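Computation of the quantities below employed the complete heavy-atom set of this structure, encompassing side-chain atoms and omitting hydrogens, waters and symmetry-equivalent molecules. Nothing here was measured: the structure is a model prediction, and the numbers come from that model. Numbers here are sequence positions counted from 1. Atoms within a ligand are numbered from 1 in the order they appear, just like the ligands themselves.
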Amino acid sequence: MTNYKLKKSICLFCSLGCGVCFRVDGERVTQIDYDGDNPVNNGSLCPRGHYNLELIEHPGRLSDPMIGSRKASWEEAMANIRSKIKDADPSTIGILLSGMASNEEALLAGKLARALGIKNIASAGDPSDLEAYEGTKLETPVCSLGKVGEIDSVEALLIVGDILTRSPVLSQRINRVKYGKRGNKIIVIDPNRSHTSWFATNHLKPRPGCEAALLAGMIKVISEDNGKGPVDLELEQVAEITGIPSSSIIGAAREFNCAASGFVLFAPSAGKSRNDLIKYLTRVICDLSPNKKQAAFYSFGNTLGVNVILDRTVEARTSFPEFKEKIKSGEIMNLILLGDNVFAGDPDIEKKLERMNLLAFSSIFPQKIYQNAQITLPLASHLEEGGSFKLADGRVETIEPVVGKAGRRSNSDIITSLLNFNDEDREKLKAEAYELAGKGPLMQKANPAEKIAESLESSPKEEYPIENITHFGNNDLVRNFFWFRANNRSKA
Ligand code: SF4
């Protein structure tokens with residue numbers, strides 16, 4: 001008889017954060033299983049979610065620290081990093097933390113930055129997600145962030161982008177809205193036909209990159225219909241920019257506004273202009289229209305938590321775009337990359353990485369562009385470390401390790417070693433990280449009229465956007481998985 005235990009965790013391949021379950025036999029995970037009790041996904045997993053097993057059991061995982069091309073002990077590798085950063089000018093040091101890192105790891109990374117006196121600390125991740133995150137920080141009167149569990153009971157969905165490529169498991173909820181009650185509306189804003197637009201009762205296809213302008217037009221209709229004040233905007237101008245007739249803009253705005261309840265789902269992507277404005281404007285719509293909620297879904301599970309905690313820990317820190325520029329200009333010469341290869345395909349940065357004074361990176365899998373790294377650290381995944389994570393709808397989930405780390409270390413272990421923290425410090429840190437993540441972003445004042453004017457200026461894209469994610473891969477990590485290797489040999 002098979003003797004296994006079931007252990008629960010969550011998937012971080014997108015910020016929906018579905019529950020997953022593993023069959024564990026001693027220290028080995030033998031199979032991925034379904035977590036039918038998890039209210040987020042009720043046992044469903046998308047194709048990407050099934051690959052969580054490979055974060056633990058993939059035979060190609062890194063297992064030994066390396067200095068150059070030789071194996072080293074953890075002590076030697078960490079001493080090497082310590083000695084290089086000890087002598088470096090703080091302005092030349094940069095720390096980049098994966099968007100799948102836990103809240104505790106983000107807090108530790110922030111503390112390390114403070115201890116070293118550096119501002120060059122950023123969250124890695126999809127650049128369009130990081131742009132959208134900026135839109136969460138612009139103040140609106142009401143906090144309209146909705147919970148995943150609320151999505152399927154509303155009467156109208158307004159979906160910006162192909163949300164089902166990002167978070168396929170949401171299809172069960174969208175389906176329930178579509179077939180739940182006669183008259184329910186699903187309005188999809190996307191220049192392309194997609195998996196998501198298949199569900200649409202009203203598919204608006206603006207010119208690529210004009211989503212923000214279209215939302216601004218809808219805001220005008222909703223604000224004026226609801227007696228919330230005039231919006232200085234010509235609908236005919238919006239129609240000209242977006243290619244959507246003003247009658248269709250009015251119709252879509254009223255469909256959403258008149259529904260007794262509604263939810264805006266947003267998938268940031270490189271095909272859109274100004275993901276930050278789109279995020280902000282979806283929140284404005286929810287403020288103006290009664291009983292409406294919204295959430296953006298990111299491609300790295302803890303995008304929200306990592307950014308919120310870094311913002312709250314390191315004042316005036318460097319943004320991800322600035323961080324990249326500082327590498328290109330040679331200002332950052334000592335780089336600690338914790339958990340992700342986000343520079344693949346950027347030849348300017350790849351060249352600079354070859355000439356760093358210090359290039360240390362922790363990684364689950366070998367990554368080609370870092371073959372010149374001085375120090376490589378085999379990373380334990382969140383399934384082996386546990387921690388807390390702030391998902392798309394603001395809920396903070398805490399998970400326990402599924403199995404041991406088998407000689408690898410987590411980013412928490414690595415930073416703790418650089419900070420000389422002890423176990424007691426780390427216990428206290430858990431409560432602090434959980435509390436900080438729960439607080440949400442640090443808000444900034446915003447002028448709605450200015451933002452609406454900016455949305456009309458956001459440039460249309462020349463070509464139809466090619467979404468930069470698929471069901472199987474949204475980053476270099478996932479591209480190590482067997483499906484990807486078998487089907488994309490030239491790219492792997
Ligand atoms: S929808 Fe997102 S969180 Fe859920 S299984 Fe797929 S990738 Fe993981």
Under the criterion salt bridge (Lys or Arg N to Asp or Glu O under 4.0 Å), I'd like the reasoning laid out for Arg426 against Glu385: C-alpha separation, chi angles, the key distance, then a yes or no. CA-CA 13 Å; Arg426 282 180 68 165; Glu385 168 68 13; 3.3 Å; yes
Within ligand 1, which atoms have a heavy atom of Pro168 less than 4.0 Å away? 1 (S)
Numbering as shown, the atoms of ligand 1 that approach Arg48 to under 4.0 Å (heavy-atom distance): 7 (S)
Near atom 4 (Fe) of ligand 1, is there an N/O/S atom from Cys14 that is less than 2.8 Å away? no
I'd like to know: is atom 8 (Fe) of ligand 1 within the 2.8 Å range of an N/O/S atom from Cys11, strictly under that distance? yes
Name the closest protein heavy atom to atom 6 (Fe) of ligand 1, giving the residue it belongs to and the distance to 0.1 Å. Cys46 SG, 2.3 Å
For atom 4 (Fe) of ligand 1, grab the closest protein heavy atom and report residue, atom and distance to one decimal in Å. Cys18 SG, 2.3 Å
Lys/Arg-Asp/Glu bridge criterion (N-O < 4.0 Å) met for Glu54, Arg61: no
Looking at Val169, which atoms of ligand 1 are within less than 4.0 Å of one of its heavy atoms? 1 (S), 4 (Fe)
Please say which of Ile415, Leu310, Leu338 ends up in a side-chain contact (heavy atoms from CB on, under 4.5 Å) with Ile95. Leu338
Step by step, work out the salt bridge (Lys or Arg N to Asp or Glu O under 4.0 Å) result for Asp129 and Lys279. CA-CA 10 Å; Asp129 286 349; Lys279 174 67 185 166; over 6 Å; no
Qualifying residue for side chain to side chain donor-acceptor pair (under 3.5 Å) with Asn307, from Arg312, Glu134, Arg317, Lys390: Arg317
Non-hydrogen atoms of Leu45 versus ligand 1: any pair closer than 4.0 Å? yes
Would you check if Gln444 and Leu138 make a side-chain contact, meaning some heavy-atom pair closer than 4.5 Å? yes
Subset of ligand 1 atoms that lie under 4.0 Å from at least one heavy atom of Phe13: 7 (S)
Can you list the steps and then say if Thr196 with Asp162 is a side chain to side chain donor-acceptor pair (under 3.5 Å)? CA-CA 5 Å; Thr196 308; Asp162 185 7; 2.5 Å; yes
